[in-house]
A.B. asks: 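Below is a structure I'd like to ask you about.
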2 protein chains.
Amino acid sequence: MAGMKSSSLSAMHENKVISFEAIRIACRNCNLSTLCLPLGLTPEDVERLDTIVRRSRPLHRGDYLFHSGDRFRSLFVVKTGSVKTFAPSPEGGEQVLGFHLPGEIIGLDAIEHDAHSCSAKVLETTAICEVPFSRFEELSVTIPSLQHQMYRLLSKEIAQETEMLLLLGKKSAEDRLATFLLSLSHRLQKRGLSPTDFYLSMSRHEIGNYLGLAVETVSRLFTRFHEERLLVVDRKHVRLTDLDALEAMVQATPLEDCRRRLP
Amino acid sequence: MAGMKSSSLSAMHENKVISFEAIRIACRNCNLSTLCLPLGLTPEDVERLDTIVRRSRPLHRGDYLFHSGDRFRSLFVVKTGSVKTFAPSPEGGEQVLGFHLPGEIIGLDAIEHDAHSCSAKVLETTAICEVPFSRFEELSVTIPSLQHQMYRLLSKEIAQETEMLLLLGKKSAEDRLATFLLSLSHRLQKRGLSPTDFYLSMSRHEIGNYLGLAVETVSRLFTRFHEERLLVVDRKHVRLTDLDALEAMVQATPLEDCRRRLP
DNA sequence: CCCTTTGCTTGATCCTAATCAACTTAAATT
DNA sequence: AATTTAAGTTGATTAGGATCAAGCAAAGGG
């Protein structure tokens, strides 16, 4: 009822004024602009981008952004909250593909097939910016720096998945969880949040699934890390008390091939 | 010294006329155009793209396209032959990230950091098209369909790596090798080659490294697949004698979570 | 051609993390 | 508050694949 541009979707729950207003910030005022599509654009071009962005009211835990198989129409950017993407298998199982924090773009894998090959599910109350892709492409043809940024973001996604391949291909369970926690830490820090003190919006089951480990293993590792004074964990809340040790654990990848040239 | 456009690099070994001429085919005559950057472009635009493509003389086994850490200047497209990319680790080990066949683009992960995060090494005599990226970007600003195709190719790379994550995250050694062989089979078929009869340009060690398995495991699996009449293998030569059985093996992913709603 | 090197295969043993099972705690529903 | 359900932890056992060890075959080099 407030603004005249009440966006595409119907606006109920208008009693949640505070959070709803908070998410309707335009790109130009958004603190994520250094991570997101507007990076490198002139203020004028940011305005043009802004006109095609759709901002819905907040989604809640369990809501879907899209399902595997859906026609690809838009990219989705997390504004606040978090989202998991996963590949559902016919038998009801799933493979978690990623957890997405504010500023991260979801749906980049769908451009080629014009259909989503994974599903995206909201982990907590979350605000999303929707970017209709056909309109985006029209725009990026006329804004070279937007095209450049899009190439960079796509490339970044590839580089990140490569990191993940490295992790799953070679490393131990311990390394995997350490890397996961450090990844969260770094990403939260970039967003101006505490790199040592945060809540996990995903379950142990989802962490394990993501890292290719059983729930039990994840649980045991949390216990062990706790015992080793690397962190304090209580339910979903984690406090990393020895970032250096975690980093060292990951660095010290005792990769093979160190004995090949002996006798 | 036949042609007048003797390309950027010096042209020695002109006695290798046949193969050298073969690789100097322009984009418009290249049979890979349905897989590569020219897809969807007008003949006129293909010509424009062609002017920025550099075609060197053939590279040989062990040659590098680039090293990890090199400044990013160009994308590389395999024209004939094959290339492996890998992340070298300080201790001398490496993680193989991919094997690249004709029409596949290498270097997409480097756009963001403006530096290569992996190395690319030629597995057999190989012809490469080099696409200077800054010139490519200039061009793709003026050719919407080229921008579109680049988005698609980047997206495809992301989707492929996602597939790989799924493989490494959940599947057994058997599944991994079967998936690997089928992937090769499909990709060769798309290129007009036999999907059942081919040579592996990479070693067992490299296959194992890529799939997150020990060499010994790969060797044992080849033996087992042979015993099960799924393939005939002799050294580097493979003939897949039961594609359906291999497909079935991969499909029948007995993913967990089938017992959760019982007692 | 012999000799070394490199790549591959096969067998034996070990170890990490999965699986199975039981129990605890927290959250949701009544 | 009582009951149910879901999530997490801990222990015991097992299995799949890594590692260790040895031998063989092909390729390369003098």
Side-chain angles (χ1 to χ4, degrees), chain A residues 60-62 93 96 123-124 167-178 180 199-227 231-238 249 253-263, chain B residues 60-62 84 92-93 95-96 123-124 167-178 199-227 231-238 249 253-263:
Chain A
H60 301 99
R61 178 170 178 79
V96 175
L123 289 171
E124 62 191 311
L167 187 70
L168 293 183
K170 276 228 152 27
K171 305 217 186 141
S172 67
E174 183 180 89
D175 275 356
R176 294 186 199 193
L177 187 64
F180 171 70
Y199 281 84
L200 301 170
S201 57
M202 69 296 289
S203 70
R204 302 285 192 272
H205 190 96
E206 287 166 328
I207 295 173
N209 186 307
Y210 176 61
L211 297 174
L213 302 172
V215 203
E216 295 93 328
T217 304
V218 174
S219 184
R220 277 184 252 270
L221 284 170
F222 269 118
T223 306
R224 179 137 64 88
F225 283 4
H226 194 147
E227 286 165 2
L231 49 74
V232 179
V233 59
D234 173 42
R235 199 83 185 140
K236 300 271 191 192
H237 177 249
V238 173
M249 180 183 287
T253 322
L255 283 179
E256 75 318 318
D257 299 58
C258 304
R259 79 203 105 83
R260 204 178 336 173
R261 76 220 108 208
L262 294 182
Chain B
H60 301 98
R61 178 170 178 79
K84 81 163 174 180
Q95 166 70 41
V96 175
L123 290 171
E124 63 191 308
L167 188 70
L168 293 183
K170 277 227 152 26
K171 306 219 184 139
S172 67
E174 184 180 89
D175 275 355
R176 295 187 198 193
L177 188 63
Y199 281 84
L200 301 170
S201 57
M202 70 295 290
S203 70
R204 302 284 193 272
H205 189 96
E206 288 166 326
I207 295 174
N209 186 308
Y210 176 60
L211 296 175
L213 302 172
V215 202
E216 294 93 329
T217 304
V218 175
S219 184
R220 278 184 251 270
L221 283 170
F222 270 117
T223 306
R224 180 137 65 88
F225 284 4
H226 195 146
E227 285 165 3
L231 49 74
V232 179
V233 58
D234 174 42
R235 198 85 185 138
K236 300 270 191 193
H237 178 249
V238 173
M249 180 182 288
T253 322
L255 284 178
E256 76 319 319
D257 299 55
C258 303
R259 80 200 106 82
R260 209 183 327 179
R261 76 221 109 205
L262 293 184

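Residue numbering restarts at 1 for every chain, and letters A, B, ... go by the order of the sequence lines. Being a predicted model, the structure only gives us computed values, none of them experimental.
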A.B. asks: Nearest 0.5 Å, what's the CG-CG distance between A:Asp175 and A:Leu211?
C.D. replies: 11.0 Å

A.B. asks: Would you kindly compare B:Val215 and A:Val215 by the position of their nearest DNA chain C nucleotide and give the one closer to the 5′ end?
C.D. replies: B:Val215

A.B. asks: So, OP1 or OP2 of C:dT16: does either fall under 4.0 Å of a side-chain N or O from A:Thr217?
C.D. replies: no

A.B. asks: Atom NE2 of B:His237 to atom P of C:dG7: distance rounded to whole Å?
C.D. replies: 21 Å

A.B. asks: Counting only side-chain heavy atoms from C-beta out, which of D:dA18, D:dG17, C:dG11 sits nearest to B:Glu216?
C.D. replies: C:dG11

A.B. asks: Categorize A:Gly208 for me: base, sugar-phosphate, or nothing, with a 4.0 angstrom heavy-atom threshold over every strand shown.
C.D. replies: nothing

A.B. asks: Can you measure B:Tyr199 atom OH to C:dG7 atom P for me and round it to whole angstrom units?
C.D. replies: 19 Å

A.B. asks: Rounded to whole Å, how long is the line connecting atom CZ of B:Arg176 with atom P of D:dG16?
C.D. replies: 14 Å

A.B. asks: Think A:Lys236 has a side-chain N or O under 4.0 angstrom from the OP1 or OP2 of C:dA26?
C.D. replies: no

A.B. asks: Find out whether B:Leu221 and B:Arg176 are in side-chain contact, i.e. whether some heavy atom of one side chain is under 4.5 Å from a heavy atom of the other.
C.D. replies: no

A.B. asks: Can you check the B:Asp175 CG to D:dG16 P distance for me, whole Å?
C.D. replies: 13 Å

A.B. asks: Return the nearest nucleotide to the side chain of B:Ala214; candidates are D:dG11, C:dA18, D:dA18.
C.D. replies: D:dA18

A.B. asks: List, with names and distances, any nitrogen or oxygen atoms from the protein found under 3.5 Å away from nitrogen or oxygen atoms belonging to nucleotides 24-28 of chain D.
C.D. replies:
none

A.B. asks: Rounded to the nearest angstrom, tell me the gap between atom CZ in B:Arg204 and atom P in D:dG17.
C.D. replies: 18 Å

A.B. asks: Report the distance from atom NE2 of A:His226 to atom C1' of D:dT10, rounded to the nearest whole Å.
C.D. replies: 16 Å

A.B. asks: Write down the distance between CG (B:Leu211) and C1' (D:dG17), rounded to a whole number of angstrom.
C.D. replies: 14 Å

A.B. asks: How many whole angstroms separate atom NE2 of B:His205 from atom P of C:dC8?
C.D. replies: 10 Å

A.B. asks: Supply the atom-to-atom distance A:Leu167 CG to A:Phe180 CZ, rounded to the nearest 0.5 angstrom.
C.D. replies: 11.0 Å

A.B. asks: Keeping to residues at least two apart or across chains, list the salt bridge (Lys or Arg N to Asp or Glu O under 4.0 Å) pairs with something in residues 204-220 of chain B.
C.D. replies: B:Lys84-B:Glu206

A.B. asks: State whether B:Thr223 places a side-chain N or O below 4.0 Å from either non-bridging phosphate oxygen (OP1 or OP2) of C:dT10.
C.D. replies: yes

A.B. asks: Is any side-chain heavy atom of B:Val238 less than 4.5 Å from a side-chain heavy atom of B:Leu200?
C.D. replies: yes

A.B. asks: As an exercise, state the distance from OH of A:Tyr199 to CD of A:Glu124, rounded to the nearest 0.5 Å.
C.D. replies: 12.0 Å

A.B. asks: Nearest of D:dA18, C:dT9, C:dA17 to any side-chain atom of B:Ser219?
C.D. replies: C:dT9

A.B. asks: Indicate, yes or no, whether a donor-acceptor pair under 3.5 Å links the base of C:dG11 to the side chain of B:Arg220.
C.D. replies: yes

A.B. asks: Taking the axis from the first five pairs and the axis from the last five, what angle separates them in the helix from C:dC1-D:dG30 to C:dT30-D:dA1, rounded to 10 degrees?
C.D. replies: 50°

